[in-house]
Amino acid sequence: MAADRRLKYLEAIGIDLWVPRAASAAAAAAQPAPAPARNASVPVAPPAPSAGSAAGGDAAGIAARWETLRSQVLSCTRCPLHLTRTQGVLGVGPRRADWLVIGEAPGAEEDRRGEPFVGVAGQLLDAMLHAIGLDRRTNVYIANVLKSRPPGNRDPKPEEVAACLPYLLQQIELLQPKVILAVGRIAAQNLLGTQAPLGRLRGQVHRFGELNTPLVVTYHPAYLLRTPADKRKAWEDLKFARSVYQQLTQGAATDGHRT
Ligand code: SF4
């Protein structure tokens, strides 16, 4: 990526490049170390292939399954959210992306346009992704735990998550991403089956699903818009996630926690 474009994206996510390295290191050292997650794995190993997974399917069959999934979501009545939504929002991005970003649920703008993360928070997410070389049009797929908007953007109810999760699991099986980035407390807690605060879930590699996919947690961009002081922590998370991906694709040895 051109240096000036990367600088622009870093500025958008609130990263000041003039911060002295020593001061940055001291601040990082002052942060408490995250507690090990029950599903943390050391070292990072590639996800296990699954028997009968999409990897072995033919392209036409996989495309057909995507279309079936899309129509199922658009016509879904599994939970009461279908009564208040404008449309179901499956996700966006290439269907063989190495990266999968998972948020909470569509907001008002996403509900209207049928695409996740398209409002102001979506613009910040795009800047965050661009800063580590990702783009929803080329190499990252973006989805939510819930495919329909909860009224008033309230938190998802457990029964809504339970009803909707099979769609996300199908997406993951079809995508077979190398890394999942869970953005926000709601997504992280629901995916990891924990009530632990987001601060304790950051900075480590979790594992998700049958494919044992590495999962890294960071803040939701809507939260970062309200709390810009935490953008620097989000930047640390993104760099950590990028290092996890590089380990998987380049075979570098490291442990499962951020250094
Ligand atoms: S949130 Fe999920 S389960 Fe509920 S109606 Fe929408 S697509 Fe169906």
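Whatever order the structure lists them in is the order used to number ligands and atoms, beginning at 1.
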Shortest heavy-atom approach to atom 3 (S) of ligand 1 - which of Arg78, Lys157, Gln87
Arg78
Quick note on ligand 1: atoms under 4.0 Å from a heavy atom of Tyr167 include exactly 7 (S)
Below 4.0 angstrom from a heavy atom of His82, which ligand 1 atoms are there? Numbered from 1 as shown, please.
5 (S)
Identify, for [atom], the protein heavy atom at the shortest distance, and state residue, atom and that distance.
atom	value
atom 8 (Fe) of ligand 1	Cys76 SG, 2.2 Å
atom 6 (Fe) of ligand 1	Ser148 OG, 2.2 Å
atom 4 (Fe) of ligand 1	Cys79 SG, 2.3 Å

Is there a salt bridge (Lys or Arg N to Asp or Glu O under 4.0 Å) between Lys233 and Glu236? Walk through the geometry before answering.
CA-CA 5 Å; Lys233 291 184 192 173; Glu236 294 300 323; over 6 Å; no
How long is the straight-line distance from CE of Met128 back to CH2 of Trp235, given to the nearest 0.5 Å?
10.0 Å
Interatomic distance, CD1@Ile172 vs CG@Leu191, rounded to 0.5 Å, equals 7.0 Å
Pairwise side-chain contact, Pro151 with Leu81, heavy-atom cut-off 4.5 Å (strictly under)
yes
Can you spot which of Asp155, Leu201, Val217 makes a side chain to side chain contact (heavy atoms under 4.5 Å, CB included) with Arg185?
Asp155
Tell me which part of Glu160 gets within contact of ligand 1: side chain, backbone, both or neither, using heavy atoms under 4.0 Å.
neither
Measuring to atom 2 (Fe) of ligand 1, does Cys164 have an N/O/S atom at a distance below 2.8 Å?
yes
Would you say CZ of Arg154 has more than 12 non-hydrogen atoms from neighbouring residues, nucleotides or ligands within 6.0 angstrom?
yes
